[in-house]
Protein chains: 2
Amino acid sequence: MTPEEFRAAGHQLIDWVADHRARIPDLPVAARTRPGEISGALPVHAPQEPESLEAVLADLDAIVVRGVTQTQHPGFYGWFPSNASLSSVLGDIASGGLAALGITWQSAPALTEIEQVVTEWLRELTGLDPAWKGAIQDTASTGTLVAMLAARERASELSEHAGGLQSVAQPLVVYSSAHAHSSVPKAVLLSGFGSDNLRFVDVDPTTYAMDPKALEAAMAADVAAGRKPAAVIAALGTTGTTAFDPVAEIVPIAQRYGAWVHVDAAMAGSAMILPEMRHLFAGIDGADSIVWNPHKWLGTILDCSLLYVRDVDHLVACMSTTPSYLRSSADDQVVQYKDWGIPLGRRFRALKLWFHLRLEGVEAIRERLRRDLANAQWLAETVAAEPDWRVLAPVDLQTVCLRHEPAGLDGEALDRHTLAWADALNASGTAFVSPSKLDGRWMVRVSIGAEATERSDVEGLWAALRANADAAGTQ
Amino acid sequence: MTPEEFRAAGHQLIDWVADHRARIPDLPVAARTRPGEISGALPVHAPQEPESLEAVLADLDAIVVRGVTQTQHPGFYGWFPSNASLSSVLGDIASGGLAALGITWQSAPALTEIEQVVTEWLRELTGLDPAWKGAIQDTASTGTLVAMLAARERASELSEHAGGLQSVAQPLVVYSSAHAHSSVPKAVLLSGFGSDNLRFVDVDPTTYAMDPKALEAAMAADVAAGRKPAAVIAALGTTGTTAFDPVAEIVPIAQRYGAWVHVDAAMAGSAMILPEMRHLFAGIDGADSIVWNPHKWLGTILDCSLLYVRDVDHLVACMSTTPSYLRSSADDQVVQYKDWGIPLGRRFRALKLWFHLRLEGVEAIRERLRRDLANAQWLAETVAAEPDWRVLAPVDLQTVCLRHEPAGLDGEALDRHTLAWADALNASGTAFVSPSKLDGRWMVRVSIGAEATERSDVEGLWAALRANADAAGTQ
């Protein structure tokens, strides 16, 4: 395809994207296709001859769009916000157009240095200590894995450069809240610690935040048994209820035992750009690593997760390999991000953050987050005031955990009721919420914060919640 | 930004991209900025108020473009091809426009199922056995890490679900060619095996391919010493010289010792779409995992690396975590790609492969690869026929390893000469090649295969090679 053919096709595609984004409020929120429906609609073999863009766009409309949950829909309250601001989409298009290859600083100095600039901008905007240095990872899963590898290597005195974890005699142990995200056990298991050496520490029964006394007791028991605490993962904003583990209390405990502290603030990290929310993150500067995702609430299109560390030299010692064909006379003066993560080749992801922050401006992003916080407070207060409805966890952020509890229903019958009305609501296409378990029982998470969601949408959701719950109750 | 604002900005940006791609042949190939030049040109603080797209595009022109090595330039012969077909760029734009969130099949069935379709298309196009199942990873570094984790878990009987690698008494050992890519030791070290348990097996002194006798001897010695072979990584197309390790001989040896065989065909894998090149890959169906990168020679813009495995159940057993809030009634009927790799959240990367294959058609891609193979043969023959010039390794693929060896120059003096003329050529801006070490001495890799590179460009390169070598020789 020549640049001129691309120009024509690109204009067509931009129009398709603009039209698509404009129609999203009219689409069902949740994807509606049956397993195999989409793959079954496509040819079994690759095309030998070129097809037209029109044919491909027609397939997008006919086959693809209904197979995508519309996270940009004003009725999207599922999982966590997954905003893709159109400013950041433009940055991603620029990244594709430049087609930079980020393997070393030398291969694309702009890719590296703009990443340094935007991660430093966000370091400052989030109020973190200047000692933190950031890099873009694809997701928090990867960032947490990198952090666990760094923790493993610190606890094992860089065993990877000797006999490996398999040569370490004293078992290394990792601690996290029982409410940690699934990426936490995954990172611990992939790092080789083993599930036997992962402690899910009890949480406070009302706040769902990690109990620091239980953490200290677990560490003391492990040390008494001859094991070595290697890392603590503190969740600032858990996935289930956006609980904030007390990192200010966790850090001194971990330091006493020599354990690495990793903060998973994947969702809540965006709130650090609001000075009035920083109290929730008190003590974070004492951690060793932090991961948070601009591709969630902040709105920079997936994939854009930030990993900050304090000890860059240690991270590089864990992750670096530098063969002769990647040599550069500039090596001592520059950052080599290949040594801050797993992939060698990196896309120019800093552009989507750069476009996003520049085209939106920080103040407008702050105002949007404040709107969402106020909407969540409104919903929580409204639900709490309604008979038969309960708010199940503190609403510190923008996620409301709720349940309809009509008189006479409990246990598994209540579970069936909850899943029935939540599934009916999701099937309606007007909204999408995430049923989830809390204390062993199903509840519904309403995670407010899609870029398009206004107060009127949340009011509409509340009406829909009640209507679906009432309808399910009469069946 | 509203859809209508995006429409206007998107059209502007598409024109910028088309203009940029059209001017690439007139740009210097290698990036030219000094360390800190780009970061120093940017504001220290993030913008509080919105800026215009014009301001951002002006910065792209004034600051960013010269800080990017132009891998799409017809004079790009560095590292390996990193083609970004404009068809695949369109697919990436569609991915951004759809903003799908790939965390489970349920969150975006189209994202999962089109990935199944295109990886199956490419499985068939590359002539692999139907038992192989593929997934898109970001890079070969990540794919190889996932393969090493799977190998570790097979050798340790899923130790991650018990005491971890640290509980395994018998040391596990990994083997690769001494010419393996830097991502191979990185994957082995990150997996926890330790550098003491990584054997770099000797290569044949003329083909630079792994010596299977040396592999067998190394395995036998480890077993005799009480260690356990866990994995062999065979490179099909090494980074240094595109040597092909004899996988047909490696597989039965590895199987005898119970070791996982991972094939790193990151660059060369694209050649499998040419039936006449498949002899180089003979025996590949006996491996346990394969990684190859459509984002290199095939031309699907970074990041698009394919990992194929035969035992999906084992891979999923290593990588899966499924909490209740990701439950789906469809779980038994669908593929959950989160369990095939590290990240939970995945972009809709299948679209760039889908657009690329549909808008180009397979035949045109095959013809382009054949053009590059013929160009490499032409250059190799031309260099070999010239006094004082040598081709240093077999040219099985599209990379020519060469050196100018004027009479009387050897050892470090020859190294200085090689680096002098290669650096002068790269500084000229007309071409970019990768100096690299082979047998302890510097040589120059000319890796042909940029989408834009025609025979006339390679002829021009040959003239430039001689001119720069002659000029360096007279200094």
Among the listed options [options], the residue most often paired with chain B at heavy-atom distances under 4.5 Å:
{"options": "A:I63, A:V89, A:N83, A:T2", "answer": "A:V89"}
{"options": "A:S141, A:A108, A:P50", "answer": "A:P50"}
{"options": "A:D59, A:V168, A:L145, A:V146", "answer": "A:D59"}
{"options": "A:R358, A:E51, A:M319, A:Q137", "answer": "A:R358"}
{"options": "A:T142, A:D92, A:V56, A:V65", "answer": "A:V56"}
{"options": "A:L172, A:L357, A:V44, A:L122", "answer": "A:L172"}

Contacting moiety of [X], where chain A heavy atoms sit under 4.5 Å:
{"X": "B:L302", "value": "both"}
{"X": "B:E124", "value": "side chain"}
{"X": "B:R66", "value": "neither"}
{"X": "B:T112", "value": "neither"}
{"X": "B:L42", "value": "side chain"}
{"X": "B:E4", "value": "neither"}
{"X": "B:S88", "value": "neither"}

Winner by heavy-atom pair count (cut-off under 4.5 Å) against chain A, out of [options]:
{"options": "B:P109, B:S85, B:A22, B:G96", "answer": "B:P109"}
{"options": "B:A99, B:A84, B:S52", "answer": "B:A99"}
{"options": "B:K352, B:M1, B:R347, B:Q72", "answer": "B:R347"}
{"options": "B:I114, B:L90, B:L57", "answer": "B:L90"}
{"options": "B:G36, B:A9, B:A100", "answer": "B:G36"}

Salt-bridged, A:D138 to B:R346, with N to O below 4.0 Å? no
Least distance between heavy atoms, [X] atom then [Y] atom:
{"X": "B:R21", "Y": "A:G97", "result": "CD-O, 3.9 Å"}
{"X": "B:W121", "Y": "A:P43", "result": "NE1-O, 2.9 Å"}
{"X": "A:A110", "Y": "B:V68", "result": "CB-CG2, 4.2 Å"}
{"X": "B:V362", "Y": "A:A46", "result": "CG2-CB, 3.9 Å"}
{"X": "A:A31", "Y": "B:Q106", "result": "CB-O, 4.1 Å"}
{"X": "A:A94", "Y": "B:L13", "result": "N-CD2, 4.0 Å"}

Within the side chain of B:Q166, is there an N or O that forms a donor-acceptor pair under 3.5 Å with the backbone of A:F193?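 It does hold such a pair.
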For B:S39, which of A:Q116, A:E113, A:E120 qualifies under side chain to side chain donor-acceptor pair (under 3.5 Å)? A:E113
More than 12 heavy atoms of other residues, nucleotides or ligands under 6.0 Å from CZ of B:R23: is that the case?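 Yes, because the 6.0 Å sphere around CZ of B:R23 holds more than 12 heavy atoms from other groups.
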Do B:F355 and A:L60 make a side-chain contact, defined as non-hydrogen atoms from C-beta onward lying under 4.5 Å apart?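 The answer is yes; the side chains approach within 4.5 Å.
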With distance as the sole criterion, is a donor-acceptor pair present between the side chains of A:R366 and B:Q48 under 3.5 Å? yes
